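What follows is a single structure, written as structure tokens, with notes after it.
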Amino acid sequence: MAKQKKKRNKVYSGQGAAVTRPTVTRLNAVQRNKLQQWWFDKKRIAKPVLIGVAAATVVIWLLIELVRIIFRGTA
């Protein structure tokens, strides 16, 4: 099998190249208190942790109720 030719990955910047327009970045200043700023910064980590804690709490509560029903029935 013949060796394949390497594809060109360099951007063409000669005379006939497409004109690149500058990108505009728009920013909004927001006033936040300390708790809001903490939540904004840590939201990506805090949300799954809170969901996991809530799920664990529900499972533990259901297990406690199940044990309570089982032992109440035998007594």
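What you see is a predicted model; the values in this text were computed from it and never measured.
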Can a donor-acceptor pair be found, under 3.5 Å and without considering hydrogens, that links the side chain of Q36 to the backbone of N33?
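Yes, the answer is positive, given that a donor and an acceptor are paired below the 3.5 Å cut-off.
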Interatomic distance, [X] atom [atom1] to [Y] atom [atom2] [nearest 0.5 angstrom]:
| X | Y | atom1 | atom2 | value |
| --- | --- | --- | --- | --- |
| I70 | R72 | CD1 | CZ | 12.0 Å |
| L50 | I45 | CG | CD1 | 11.5 Å |
| L35 | F40 | CG | CZ | 14.0 Å |

Check whether any side-chain heavy atom of V58 lies under 4.5 Å from a side-chain heavy atom of L62, and answer yes or no.
yes
